[in-house]
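Presented below is the structure to which this report refers.
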Amino acid sequence: MTQGDLPRSRSDCEALDRADPLAPARAQFALPERVIYLDGHSLGPATHAALTRVERAARTEWAEGLIRSWNTAGWIDLPRSVGAKLARLIGVAAEDVIVTDSVSVNLFKLAAAALPLAKSRTVIVEASEFPTDQYIAEGLSRISGAAMMRVEADQGLAALQRTGGVLIRSIVNYRTSDILDVAASEALARESRGVIVWDLSHATGVLDLKLAADSARLATGCTYKFLNGGPGSPAFVYVQRELAERMQSPISGWFGHADPFAFDAGYAPREGVARFAAGTPGVLSLSALDAALDAFEGLALSDVAAKAKALGDLVIARGAAMGLPSISPKDASRRGGHVSLRHAHGYAVVQALIARGIIPDFRASDAMRFGVAPLYIRFVDVWDAMDQLADILETRAWDRPDFHARAKVT
Ligand SMILES: Cc1ncc(COP(=O)(O)O)c(C=O)c1O
């Protein structure tokens with residue numbers, strides 16, 4: 001069997017796992033026993049290296065090193081050094097990435113800083129976009145006076161062409177997993193003198209991204225999904241080098257200052273993307289992320305992307321056999337690292353799966369989201385999870401009052 005062939009049995013899956021060039025990566029993850037982790041994707045699992053590193057950062061660097069560790073343990077350089085490590089995963093130069101703040105805050109900073117560069121003061125976002133992207137666009141429009149333009153799904157580029165404004169857009173849609181062509185979109189943006197701020201949250205660590213070659217100018221993305229940085233680990237910012245010098249962060253904090261420890265009264269931005277840092281970085285989270293990123297070392301991103309697509313094909317095929325329609329593209333080249341299957345009682349079905357140790361997630365109103373992270377998910381995992389899903393549907397095991405009760409986080 002090769003990854004392009006759809007496995008028809010568990011033993012086909014075993015054959016694919018034996019031939020998988022990424023198979024050794026799984027040993028780096030501290031996965032719980034008897035759990036198949038198909039979260040879709042909201043939180044990557046811990047790596048052994050990240051756990052060791054957090055322990056060291058807390059017990060040695062913090063508890064013993066105290067304030068000295070900003071210099072002696074390299075804390076002060078972490079936003080840049082972790083950014084440099086992450087840069088390969090998005091296909092840009094090491095010095096053009098910084099790790100700081102959350103995606104929400106970074107979207108605000110980048111879109112606000114992009115407004116003066118765009119032909120028109122318009123912030124564009126699609127109604128199918130992740131909610132925070134829409135909320136940030138609204139807030140930015142409110143305080144900047146820029147026009148707010150919320151358009152239907154897939155209409156963002158057309159609106160950008162019409163207006164030459166600033167479009168906030170995910171490469172991989174959080175619900176459907178649909179992907180957008182970065183190079184083609186950037187060509188359209190340039191023609192219309194508009195600017196795209198890319199949200200890479202569901203794309204990084206699962207697609208073979210080549211942002212520099214595709215002429216992307218501005219991007220941010222989270223690190224707690226496919227990058228496994230841990231709950232609330234800081235996001236990253238990419239700014240194309242020549243653009244950075246022409247941009248000003250609206251949050252001109254001291255960590256984005258050219259010389260923070262000069263304690264000057266006035267603000268002077270740091271060189272390049274580093275000006276988009278704002279306040280004191282979260283060292284424990286950055287340390288975890290730094291170590292977690294080592295799981296990608298030596299792996300070809302083309303292998304990572306190909307396996308995600310093959311695993312996703314299997315979810316779609318098995319789902320179809322159970323009568324579950326996919327809202328994710330069947331064409332794997334148009335899909336990211338998750339697949340969403342629809343079921344009217346999807347929330348309860350997901351709870352029934354979780355009760356059996358299979359952990360996807362759920363996105364309202366009816367999407368059961370299966371994340372297929374290629375570094376630790378095997379073909380047999382997907383096969384076994386789909387067997388359980390079929391059983392849960394056949395026996396209506398999902399139809400229990402406790403499975404219908406909504407938790408705060410889905
Ligand atoms: C596409 C997308 N953008 C942004 C976010 C949220 O980012 P943050 O909580 O870091 O602000 C998420 C979270 O899941 C997401 O999926």
Side-chain angles (χ1 to χ4, degrees), residues 38-45 79 82-83 86 89-90 97-112 123-140 150 153-154 156 167-180 182 185 196-207 209 211 216 218-238 251 276-279 281-282 285-286 288-289 292 308 327-328 335-340 359-364 367 369-373 408-410:
L38 296 172
D39 181 59
H41 196 316
S42 295
L43 177 68
V82 180
L86 196 152
L89 302 181
I90 61 170
V97 182
I98 189 162
V99 178
T100 181
D101 297 322
S102 61
V103 175
S104 304
V105 172
N106 291 332
L107 286 172
F108 177 82
K109 289 186 290 191
L110 290 176
V123 192
I124 308 157
V125 69
E126 294 178 5
S128 53
E129 192 52 83
F130 188 78
T132 208
D133 302 53
Q134 300 189 49
Y135 306 156
I136 292 295
E138 277 179 31
L140 175 58
R150 193 191 321 266
D154 298 326
L167 169 67
I168 298 179
R169 184 62 156 82
S170 286
I171 291 186
V172 177
N173 182 270
Y174 79 106
R175 285 187 89 244
T176 64
S177 197
D178 258 298
I179 63 179
L180 194 62
V182 175
S185 307
I196 304 175
V197 177
W198 293 104
D199 182 340
L200 271 53
S201 294
H202 280 281
T204 319
V206 78
L207 290 184
L209 295 170
L211 254 54
L218 306 170
T220 181
C222 73
T223 62
Y224 45 75
K225 300 183 196 290
F226 292 102
L227 301 187
N228 314 301
S233 59
F236 62 87
V237 174
Y238 162 72
I251 305 180
F276 283 95
S285 268
L286 267 168
L289 173 61
I327 58 169
S328 305
R335 200 175 64 225
H338 62 274
V339 165
S340 292
I359 310 184
D361 60 22
F362 173 78
R363 287 294 172 262
R369 219 172 43 160
F370 297 89
V372 283
K408 278 189 193 159
V409 177
T410 65

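Remember, it's 1-based here, ligands and their atoms both numbered in the order they're listed.
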Hey, mind stepping through Val237 and Thr100 against side chain to side chain contact (heavy atoms under 4.5 Å, CB included) and telling me if it holds? CA-CA 7 Å; Val237 174; Thr100 181; 4.0 Å; yes

Can you say whether the rings of His202 and Tyr174 are parallel (under 30°), tilted (30 to 60°) or perpendicular (over 60°)? tilted

Is there a side chain to side chain contact (heavy atoms under 4.5 Å, CB included) between Phe236 and Thr223 once you walk through the steps? CA-CA 7 Å; Phe236 62 87; Thr223 62; 4.0 Å; yes

Starting from [atom], locate the nearest protein heavy atom and write down its residue, its atom name and how far away it is, to 0.1 Å.
{"atom": "atom 12 (C) of ligand 1", "result": "Phe130 CE2, 3.4 Å"}
{"atom": "atom 11 (O) of ligand 1", "result": "Ser104 OG, 2.5 Å"}
{"atom": "atom 10 (O) of ligand 1", "result": "Val103 N, 3.0 Å"}
{"atom": "atom 8 (P) of ligand 1", "result": "Tyr224 OH, 3.5 Å"}
{"atom": "atom 16 (O) of ligand 1", "result": "His202 NE2, 3.0 Å"}
{"atom": "atom 14 (O) of ligand 1", "result": "Lys225 NZ, 2.5 Å"}

Which ligand 1 atoms are under 4.0 Å away from a heavy-atom of [X]?
{"X": "Ser102", "result": "10 (O), 11 (O)"}
{"X": "Asp199", "result": "1 (C), 2 (C), 3 (N), 4 (C)"}
{"X": "Asp133", "result": "3 (N), 4 (C)"}

Just verifying a value: how many Å separate Ser128 OG and Asn173 CG, rounded to the nearest 0.5 Å? 5.5 Å

Can you measure from CG (Leu89) to CG (Leu211) and round to the nearest 0.5 angstrom? 11.5 Å

Taking distance alone, with no angle check, do Glu129 and ligand 1 share an N/O pair under 3.5 Å? no

So, Arg175 side chain and Ala364 main chain: donor-acceptor pair closer than 3.5 Å or not? yes

Backbone N/O of Val105 and side chain of Ser102: donor-acceptor pair under 3.5 Å: yes

Ligand 1 contact by Ser170, heavy-atom criterion under 4.0 angstrom: yes

Intermediate values then yes/no, side chain to side chain contact (heavy atoms under 4.5 Å, CB included), Val125 and Glu138: CA-CA 9 Å; Val125 69; Glu138 277 179 31; over 6 Å; no

